[in-house]
A.B. asks: 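Starting off with a structure, shown below.
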Amino acid sequence: MNKIWLMAATVCFLLAFGSCKPKQSAYKAAYEQAKEKETTAPVTTTEDEVAEETYEEEEIAPVSKPKTTSTTTRSERITAAEGEDASRLKRYSVVIGSFKNKTNAYSLKERMQNEGYNAVLGENEQGMLRVIVSSFDDKADAAASRDAIKAKYAPNFQDAWLLEKAY
């Protein structure tokens with residue numbers, strides 16, 4: 001009689017805790033739904049693209065807009081790192097990496113130079129090395145360069161940001 005109770009309790013125990021195990025197929029289904037939403041996201045067109053399409057269709061001369069941007073920047077006192085050309089650091093710079101470790105910073109700089117960029121290392125007052133791939137006097141030009149780098153190297157460098165040189 002005790003064996004029957006023990007056997008019944010064991011079966012109940014296994015059924016109770018065995019059914020709580022997560023199913024891999026449920027995770028896979030959720031992942032696939034998220035991927036589907038990502039790939040079917042609506043495509044938005046900008047006013048510039050619409051203007052270009054209109055120009056091509058109707059042969060109307062495009063009207064140029066003044067370069068303005070509301071892009072946020074981070075302001076820091078930055079100098080060229082040891083051995084770097086300080087004249088390449090202008091007011092607005094596109095930063096793709098920040099490192100305390102010099103080896104990592106130099107490695108990324110070298111990689112970007114091999115890709116054709118005129119990369120330079122800047123160092124802030126806290127000793128962080130900033131890997132800068134382009135530098136401009138105009139904020140809008142810097143923002144456009146940052147966006148181009150994000151698009152070219154997606155999904156890498158999606159956290160690229162603009163650094164405004166503080167004087």
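Not measured: the values here are computed from a predicted model.
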A.B. asks: Following the transitive rule for hydrophobic clusters with a side-chain heavy-atom cut-off under 4.5 Å over Ile, Leu, Val, Met, Phe, Trp and Tyr, establish whether Y106 and I96 coincide in one cluster.
C.D. replies: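 Same hydrophobic cluster.
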
A.B. asks: How is the hydrophobic cluster of I4 composed, in terms of its other members, when Ile, Leu, Val, Met, Phe, Trp and Tyr link through side-chain heavy atoms under 4.5 Å apart, directly or indirectly?
C.D. replies: none

A.B. asks: Can you measure from OG1 (T79) to NZ (K165) and round to the nearest 0.5 angstrom?
C.D. replies: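 Going from the OG1 atom of T79 to the NZ atom of K165 covers 8.0 Å.
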
A.B. asks: Going by the rule side-chain contact (heavy atoms from CB on, under 4.5 Å), which residues pair with D147 if we only count those two or more places apart in sequence or in a different chain?
C.D. replies: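 If we apply the side-chain contact (heavy atoms from CB on, under 4.5 Å) test to D147, skipping adjacent residues, there are no hits.
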
A.B. asks: Taking the hydrophobic residues Ile, Leu, Val, Met, Phe, Trp and Tyr, and joining any pair whose side-chain heavy atoms are under 4.5 Å apart, which ones share a cluster with Y167?
C.D. replies: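 Traced through the cluster, Y167 reaches no other member.
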
A.B. asks: Rounded to the nearest 0.5 Å, how far apart are CG of L108 and CZ of R111?
C.D. replies: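 Reported value, rounded in 0.5 Å steps: 6.5 Å.
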
A.B. asks: If you link I, L, V, M, F, W and Y whenever their side-chain heavy atoms are under 4.5 Å apart, who else ends up in the same group as M7?
C.D. replies: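 Answer for M7: none, a lone residue.
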
A.B. asks: Taking the side chain as C-beta and beyond, is there a heavy-atom pair between Y92 and D137 under 4.5 Å?
C.D. replies: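 Not touching, per the 4.5 Å side-chain cut-off.
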
A.B. asks: Indicate yes or no for a side-chain donor-acceptor contact from S145 to the backbone of D141 under 3.5 Å, with no hydrogens or angles considered.
C.D. replies: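 Flag not set: sc S145 to bb D141 has no pair under 3.5 Å.
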
A.B. asks: Under the salt bridge (Lys or Arg N to Asp or Glu O under 4.0 Å) rule, collect the residues that match up with R88, sequence neighbours excluded.
C.D. replies: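 Testing R88 for salt bridge (Lys or Arg N to Asp or Glu O under 4.0 Å), a comparison that skips the adjacent residues, returns none.
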
A.B. asks: Mind listing the side-chain donor-acceptor pairs of residues 125-133 below 3.5 Å, one per line with the distance, residues two or more places apart or on another chain?
C.D. replies:
unit_1: Q126; atom_1: OE1; unit_2: N124; atom_2: ND2; d: 3.3
unit_1: R130; atom_1: NE; unit_2: E76; atom_2: OE1; d: 3.2
unit_1: R130; atom_1: NH1; unit_2: S98; atom_2: OG; d: 2.6
unit_1: R130; atom_1: NH2; unit_2: E76; atom_2: OE1; d: 3.3
unit_1: R130; atom_1: NH2; unit_2: E76; atom_2: OE2; d: 2.4

A.B. asks: Applying side-chain contact (heavy atoms from CB on, under 4.5 Å), name anything that partners A86, two or more places apart in sequence or on another chain.
C.D. replies: A80

A.B. asks: Can you tell whether the side chains of E164 and K139 come within less than 4.0 Å, N to carboxylate O?
C.D. replies: no

A.B. asks: What donor-acceptor contacts under 3.5 angstrom involve side-chain atoms of residues 112-121, with partners at least two apart or in another chain?
C.D. replies:
unit_1: Q113; atom_1: NE2; unit_2: A119; atom_2: O; d: 3.4
unit_1: N114; atom_1: ND2; unit_2: E110; atom_2: O; d: 3.4
unit_1: E115; atom_1: OE1; unit_2: Y153; atom_2: OH; d: 3.1

A.B. asks: Not counting sequence neighbours, list each pair that qualifies as a salt bridge (charged side-chain N to carboxylate O under 4.0 Å, His left out) and has a residue in residues 93-103.
C.D. replies: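 Listed once each, the pairs would be none.
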
A.B. asks: Taking only residues two or more places apart in sequence or in another chain, which ones pass side-chain contact (heavy atoms from CB on, under 4.5 Å) with S135?
C.D. replies: K90, S93

A.B. asks: CZ of R146 to OG of S134: how many Å apart, nearest 0.5 Å?
C.D. replies: 10.5 Å

A.B. asks: Return a table of donor-acceptor pairs under 3.5 angstrom between the side chains of residues 154-163 and protein atoms on other chains or two or more places apart.
C.D. replies:
unit_1: Q158; atom_1: NE2; unit_2: K150; atom_2: O; d: 2.8
unit_1: Q158; atom_1: NE2; unit_2: N156; atom_2: O; d: 3.4

A.B. asks: With E123, which residues qualify under side chain to side chain donor-acceptor pair (under 3.5 Å), at least two apart?
C.D. replies: none

